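No experiment lies behind these values; they were computed from the predicted model shown.
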Amino acid sequence: MRPRDDPVPTPPSRSRTMTTAPNVSAFRAPGTTAWRNAVFVVFTLSGLAIATWLGRVPSVRDALHASTFDMGVLVVGMSVGSIAGLTVAGHIVARLGARRSVEIAAACLIVGMITASLAVTMDWGFWTIWVCLLAFGFGNGLADVSMNVSGAAVERKGGRSIMPLFHAAFSLGTLAGAALGSLAEALDVPVALHLGVVGVLVGVAMVVAVRSFGEERITDPVGTDTSPVPVPVSRWAVWAAPGTILIGLIALGMALAEGSANDWLALAMVDGHGLTNAAGTATLSVFVAAMTVGRVLGVFVLDRFGRVPVLRASALLAVIGMAMLIFIPSVPLAIAGVVLWGAGASLGFPVAMSAAADDPRVAAARVSAVATIGYVAFLAGPPLIGFLGGVVGLLDALLLVFVFVIVAGIVSGAAREPGRPAGRQPRLQDGAAGGSGEAGADRTVSAISAAGGPADTVPTEARADRR
């Protein structure tokens, strides 16, 4: 058994003290910069892949002579696959690591995109396309959790907030995919050719990029002795942890704020404020731009002030912006409200992903759980708002989002960095428990117990001996 790197002194009055602070030596990345850039690439490609399919939906509908209901059924297939990928991703990433998980996701994306496009072009049947989109959605869900886990790990290693920038890269990828889709529609490029080429390029580029991923899993716990201490865990147990649920509510509220704007803002501006269709669409572009700028600038305010104050301020900005849009019958003020709404909604989901991954040993399971809770907003929110909008009008229907954003702001304390020093993001070297010594160890043990513990129930002595 090799000596531990940073032993924590054990007070004489206690027979043993458990500590599970992560050891920086567990990271075997070829370089933080290369790892960070690789995560940027994967986030961008993920957004590009999704937007590529969505950008060709009109051509798919025409080729299938499908109704709106039929296209909705296809969307359900991709959504079911995404939820399945999100749900099992925690187990896959915990067992294989983020690098291998992204490779599997890339294979699903390639197979899903190519076979779906061929099924459309060669008329293989509606349900064949549905199954292909199921695989495509599964790849997206698995990639989402995998890249967030790896992004959180490189964020810890670098010692500064960077997750919002990863999500900004995803947004840029979706913009690029939408632009390519519009160009392909204008040039009448066959669906099979477009999706086939993009699918192969995305898959291959992901596999190449993940070669620079570091090892996000912590396998060398630091302890004060080797006394057998069983740690009861189940990856499903994280769902019952109050911290996971509260962080999930942050993700849910802010994802609903983002998703509702993507789906309904343009129409709400047309129906509620009398704008033309073109002006309504331009307002959505204002929202997306505000979100992107918010994510780029957010890394600086997060490092300066910490997650909780920033999340509370973000929720307040979003609430003020939505109130201006909903209650003030002035187009200029409504557009100003859209800017505040976009800026306020920009950081909630990425910060929730960082908070879910604070403990590297349960990061995969918690990110999977929180992402699944958050994606409920993307999947269930739009139709619910549409139903309410048909009854009370779209502007008043957005009050549902208003309430959930307030809830996200109220519970934002759940995202607090462990042991965060004043004004700075905690570094991995400082220990996930936020300190050294007995107090830090005890806080870490409490956090692990609340989160559900690491992947296996193994005594400390047994884990040490295997090293």
| request: Can you spot which of Val202, Val207, Leu201, Val200 makes a side chain to side chain contact (heavy atoms under 4.5 Å, CB included) with Val204? | output: Val200
| So, the side chain of Ser150 versus the backbone of Met147: is there a donor-acceptor pair under 3.5 Å, distance only? | no
| request: Could you tell me whether the side chains of Asn148 and Asp144 share a donor-acceptor contact shorter than 3.5 Å? | output: yes
| request: Could you tell me whether a side-chain N or O of His194 sits under 3.5 Å from a main-chain N or O of Glu185, the two making a donor and an acceptor? | output: no
| message | Atom CZ of residue position Phe404 - does it have more than 12 heavy atoms of other residues, nucleotides or ligands inside 6.0 Å? | response | no
| So, do Leu317 and Trp341 sit near enough that their side-chain heavy atoms are less than 4.5 Å apart? | no
| message | Distance check, rounded to the nearest 0.5 Å: Leu195 atom CG versus Cys132 atom SG? | response | 11.0 Å
| query | Is there a donor in the side chain of Thr115 and an acceptor in the side chain of Trp124, or the other way round, less than 3.5 Å apart? | reply | no
If you look only at distance, which donor and acceptor atoms sit under 3.5 Å apart when one is on a side chain in residues 116-123 and the other is two or more places apart or in another chain?
from, atom 1, to, atom 2, distance (Å)
Ser117, OG, Met113, O, 3.1
Ser117, OG, Ile114, O, 2.7
Thr121, OG1, Ser117, O, 3.0

| Sole candidate of Ile50, Leu45, Thr44 that passes side chain to side chain contact (heavy atoms under 4.5 Å, CB included) when paired with Leu48 | Leu45
| message | With a 4.5 Å cut-off on side-chain heavy atoms, are His167 and Met291 touching? | response | no
| Heavy-atom donor-acceptor pair, Ser101 side chain to Gly97 backbone, under 3.5 Å | yes
| query | Just by distance, with hydrogens left out, do Asp303 and Ser161 show a side-chain donor and acceptor under 3.5 Å apart? | reply | yes
| message | Is any side-chain heavy atom of Arg36 closer than 4.5 Å to one of Ile162? | response | yes
| Option from Phe43, Phe349, Trp35 for which ring pair (Phe, Tyr, Trp, His ring centres under 6.0 Å) with Phe166 holds | Phe43
| message | If you define the side chain from C-beta out and look only at heavy atoms, does anything of Phe213 sit under 4.5 Å from Val154? | response | no
| request: Salt-bridge test for Asp358 and Arg416: reply yes if a basic N is under 4.0 Å from a carboxylate O, no otherwise. | output: no
| For Val210, does its backbone N or O pair with a side-chain atom of Arg99 as donor and acceptor, under 3.5 Å? | yes
| task | For residues Thr372 and Thr87, report the shortest heavy-atom separation together with the two atoms involved. | result | OG1-N, 4.0 Å
| task | Answer with yes or no whether the side chains of Ser67 and Asp70 bring together a donor and an acceptor at under 3.5 Å. | result | yes
| request: Would you mind reporting whether Leu64 and Ile129 have side-chain heavy atoms less than 4.5 Å apart? | output: yes
| field | SB check Glu258 Arg295 (cutoff 4.0 Å) | value | yes
| Leu249 and Leu246, any side-chain heavy atoms less than 4.5 Å apart | yes
| query | When rounded to the nearest 0.5 angstrom, what distance separates CZ in Arg211 from CD in Glu103? | reply | 8.5 Å
| task | For the pair Phe126 and Leu74, evaluate side-chain contact (heavy atoms from CB on, under 4.5 Å) and give the outcome as yes or no after the intermediate values. | result | CA-CA 8 Å; Phe126 179 87; Leu74 287 182; 3.7 Å; yes
| remark: Interatomic distance, CZ@Arg307 vs CZ@Arg312, rounded to 0.5 Å, equals 14.0 Å
| Out of curiosity, Asn140 CG to Leu86 CG, how far, rounded to the nearest 0.5 Å? | 9.0 Å
| query | Going by heavy atoms in the side chains, are Val88 and Phe138 under 4.5 Å from each other? | reply | yes
| said: Apply side-chain contact (heavy atoms from CB on, under 4.5 Å) to residues Leu394 and Leu398 and explain how you reach the verdict. | reply: CA-CA 6 Å; Leu394 272 178; Leu398 291 174; 5.7 Å; no
| field | Side chain proximity check, Leu172 to Leu175, heavy atoms < 4.5 angstrom | value | yes
| Relative to the ring of Trp53, is the ring of Phe136 parallel (under 30°), tilted (30 to 60°) or perpendicular (over 60°)? | tilted
